[in-house]
There are 2 protein chains.
Amino acid sequence: MEGLALSPPARKRLGSRFAVLGMLGMGLETGYSMKKHVETNLRHFWSASYGRIYPILRELVTEGLATCEPEAKPGRRRRNRYKLTPKGQEQLNAWLAEPPEHQPHRHELLLKLSFGRYVPTAITKQMLEEHREVCRLAVDACAKMEAQLQGDAKLHRDQPYWLMTIRCGRAVRAAEQAWCDDAIELLDGIDGQGSDEASEM
Amino acid sequence: MEGLALSPPARKRLGSRFAVLGMLGMGLETGYSMKKHVETNLRHFWSASYGRIYPILRELVTEGLATCEPEAKPGRRRRNRYKLTPKGQEQLNAWLAEPPEHQPHRHELLLKLSFGRYVPTAITKQMLEEHREVCRLAVDACAKMEAQLQGDAKLHRDQPYWLMTIRCGRAVRAAEQAWCDDAIELLDGIDGQGSDEASEM
DNA sequence: CTAGCCATGTAATCCGTTACATGATTGG
DNA sequence: CCAATCATGTAACGGATTACATGGCTAG
């Protein structure tokens with residue numbers, strides 16, 4: 001009844017912020033290079049947009065977790081080089097040691113599938129086939145990344161960790177691919193004896 | 001160069017809206033029951049909050065895709081019963097037939113792992129072990145749901161489709177679980193010969 | 001000359017959760 | 001009587017993408 005109190009009630013989910021902090025920690029200095037890193041190395045389990053990165057970078061400076069030295073060399077486009085402060089390093093370490101939160105993921109194909117009863121089976125089948133192909137390509141891409149990683153001497157410190165992340169992506173995608181085969185089979189089973197209700201459509 | 005035109009440039013990602021439309025399509029009539037359905041049946045690949053459901057429901061009515069009949073029976077809490085209009089049914093069918101968009105998912109564990117080089121291996125190992133346990137529990141939960149589904153006569157139309165979604169969840173989680181074993185093994189390999197840089201912490 | 005990469009940034013908009021606020025009915 | 005379940009809704013916040021705006025350097 002009185003309610004309305006301004007409780008600071010356990011802040012949560014600052015993922016992107018710590019992603020940026022982490023990339024600063026690995027020595028990336030510009031917003032641009034962070035975006036690149038996410039796109040090329042983290043793409044199958046993370047994403048980031050400039051619309052978040054640059055504001056976060058400025059926040060970090062405001063809060064004393066990072067420093068920014070603008071670099072105005074002639075013959076170079078102006079750029080801001082960011083670096084972690086000790087305080088930033090500390091927060092990063094603290095976050096790294098905490099158990100990760102797992103945010104629930106949304107899988108639109110499965111959502112549609114849950115309404116599958118109202119859809120002609122041919123369409124559902126096509127969706128599953130397309131998804132299988134998407135998975136196959138993703139698995140291939142992971143295999144390629146893995147091969148590349150293994151032939152790179154400079155990354156030896158990061159290598160085993162990056163390898164793990166790629167293998168997780170590959171394992172998950174491969175499982176989904178296999179599941180598609182299963183699902184298609186199950187669907188063919190329905191199709192034989194089944195009355196699909198989309199006929200009323 | 002001319003740009004600046006007010007293009008209606010291909011609207012995207014209306015996932016939750018269509019989830020609601022779909023649930024209307026399967027005969028769910030109240031916001032409350034939709035939330036329940038998501039929580040009990042779709043939970044491992046979708047989520048929904050009242051904060052979205054109720055506003056969406058009102059929007060749908062405004063746009064003529066659904067109707068709302070408030071029901072004020074004595075001895076019953078007031079509730080609004082929503083139903084699809086033909087126009088709503090049409091939009092739902094159109095969406096169901098479209099190939100799903102796959103939004104990239106974020107996996108915080110993998111993000112932390114990508115910074116693993118800066119973390120004591122003991123901590124990383126613990127994270128992986130915890131994740132393995134989470135996966136194991138999820139796999140078990142899926143197995144239970146599957147068993148329940150198979151013993152339910154009323155759901156025979158939805159049954160094969162719901163089964164598919166559960167099996168996907170199970171397959172993915174099982175793959176992740178297996179991957180954890182792999183990753184832990186790889187980690188033990190590093191640990192033997194490895195210099196972890198967190199020593200400078 | 002021009003495409004592509006380097007590089008930074010903002011504003012609009014959308015999407016989604018959380019917390020709050022309310023309250024009736026039912027079963028133990 | 002108390003807890004659970006049914007039931008509806010809003011406000012504040014937080015988070016993320018998209019589109020726009022700008023512009024220099026380099027290699028072909």
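As the structure is a prediction and not an experimental result, all values here were calculated from the model. Letters A, B, ... mirror the listed sequences (proteins, then strands); counts begin at 1.
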Among [options], which nucleotide has an atom closest to any side-chain atom of [X]?
X       : options               : result
A:Arg78 : D:dA16, C:dT18, C:dT8 : C:dT8
B:Ser47 : D:dA16, D:dG9, C:dT17 : C:dT17
A:Asn80 : C:dC6, C:dG9, C:dG16  : C:dG9

- Item | A:Val38 versus A:Trp46, closest heavy-atom pair with distance |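 Reported closest heavy-atom pair: CG1-O, 3.8 Å.
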- Message: Give me the atom names and distance for the closest heavy-atom approach of A:Leu92 to A:Phe18.
- Response: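 Answer, listing the atom of A:Leu92 first, then A:Phe18: CD1-O, 4.4 Å.
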Nucleotide [N], atom [atom2] - distance to [atom1] of [X] in whole Å:
X        : N      : atom1 : atom2 : value
A:Glu71  : D:dG24 : CD    : P     : 17 Å
B:Tyr50  : D:dT5  : OH    : C1'   : 10 Å
A:Arg81  : C:dT8  : CZ    : P     : 11 Å
A:His105 : C:dT17 : NE2   : C1'   : 18 Å
A:Arg79  : C:dC5  : CZ    : P     : 18 Å
A:Lys36  : C:dC6  : NZ    : C1'   : 9 Å
A:Glu101 : D:dG14 : CD    : C1'   : 13 Å
B:Leu14  : D:dT17 : CG    : C1'   : 14 Å

- Message: Looking at C:dG16, I'd like to know if its phosphate oxygens (OP1 or OP2) sit under 4.0 Å from a side-chain N or O belonging to A:Arg106.
- Response: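 Looking at the OP1 and OP2 atoms of C:dG16, one of them is under 4.0 Å from a side-chain N or O of A:Arg106.
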Pairs of donor and acceptor atoms involving the side chains of residues 138-146 of chain A, under 3.5 Å and at least two apart or interchain, shall be tabulated with distances.
{"residue": "A:Asp140", "atom": "OD2", "partner": "A:Arg136", "partner atom": "NH1", "Å": "3.3"}
{"residue": "A:Glu146", "atom": "OE2", "partner": "A:Arg167", "partner atom": "NE", "Å": "3.2"}

- Would you list the pairs meeting ring pair (Phe, Tyr, Trp, His ring centres under 6.0 Å) in which at least one residue belongs to residues 135-154 of chain A, sequence neighbours left out?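 Of all non-adjacent pairs touching residues 135-154 of chain A, none passes ring pair (Phe, Tyr, Trp, His ring centres under 6.0 Å).
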- Find the distance between CZ (A:Arg132) and CZ (A:Arg173) and round it off to the nearest 0.5 Å.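 Answer for the CZ-CZ pair, A:Arg132 versus A:Arg173, is 14.5 Å.
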- Say you draw a straight line from CD of A:Glu176 to NE2 of A:His131; how long is it, rounded to the nearest 0.5 Å?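 One finds 3.5 Å between CD of A:Glu176 and NE2 of A:His131.
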- Counting only heavy atoms not in A:Glu185, do more than 12 sit closer than 6.0 Å to its CD atom?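 Result for CD/A:Glu185: open.
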- Over 12 non-hydrogen atoms of neighbours within 6.0 angstrom of CD in B:Glu59: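 Yes - once you tally the heavy atoms of other residues, nucleotides and ligands closer than 6.0 Å, there are more than 12.
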- Reference residue B:Glu69; test salt bridge (Lys or Arg N to Asp or Glu O under 4.0 Å); the match among B:Arg81, B:Arg78, B:Lys83, B:Arg79: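 Testing each of B:Arg81, B:Arg78, B:Lys83, B:Arg79 against B:Glu69, the sole residue satisfying salt bridge (Lys or Arg N to Asp or Glu O under 4.0 Å) is B:Lys83.
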- For B:Phe18, answer base if it contacts any base atom (sugar-phosphate contacts may also be present), sugar-phosphate if it contacts only those atoms, and nothing otherwise; contact means non-hydrogen atoms under 4.0 Å.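 It contacts nothing in the nucleic acid.
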- Message: With the threshold set at under 4.0 Å for non-hydrogen atoms, list the residues of residues 22-33 of chain B touching DNA chain D in residue-number order.
- Response: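 Nucleic-acid contacts, sorted: B:Thr30, B:Gly31, B:Tyr32.
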- Query: Which of residues 51-59 of chain A sit near DNA chain D, with a heavy atom under 4.0 Å from it?
  - Reply: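 Output list: A:Gly51, A:Arg52.
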- Parallel, tilted or perpendicular: rings of B:Trp162 and B:His37 (30°, 60°):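 B:His37 vs B:Trp162 ring planes: tilted.
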- Query: Once the angle between the rings of B:His105 and A:His105 is folded into 0 to 90°, is it parallel (under 30°), tilted (30 to 60°) or perpendicular (over 60°)?
  - Reply: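 Plane angle between 30° and 60°, so tilted.
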- Message: Could you work out how much the helix from C:dC1-D:dG28 to C:dG28-D:dC1 bends, comparing the axis of its first five pairs with that of its last five, to 10°?
- Response: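 That helix gives 40° between its end axes.
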- By salt bridge (charged side-chain N to carboxylate O under 4.0 Å, His left out), which residues pair with A:Glu39, not counting sequence neighbours?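 Expected list: A:Lys35, A:Lys36.
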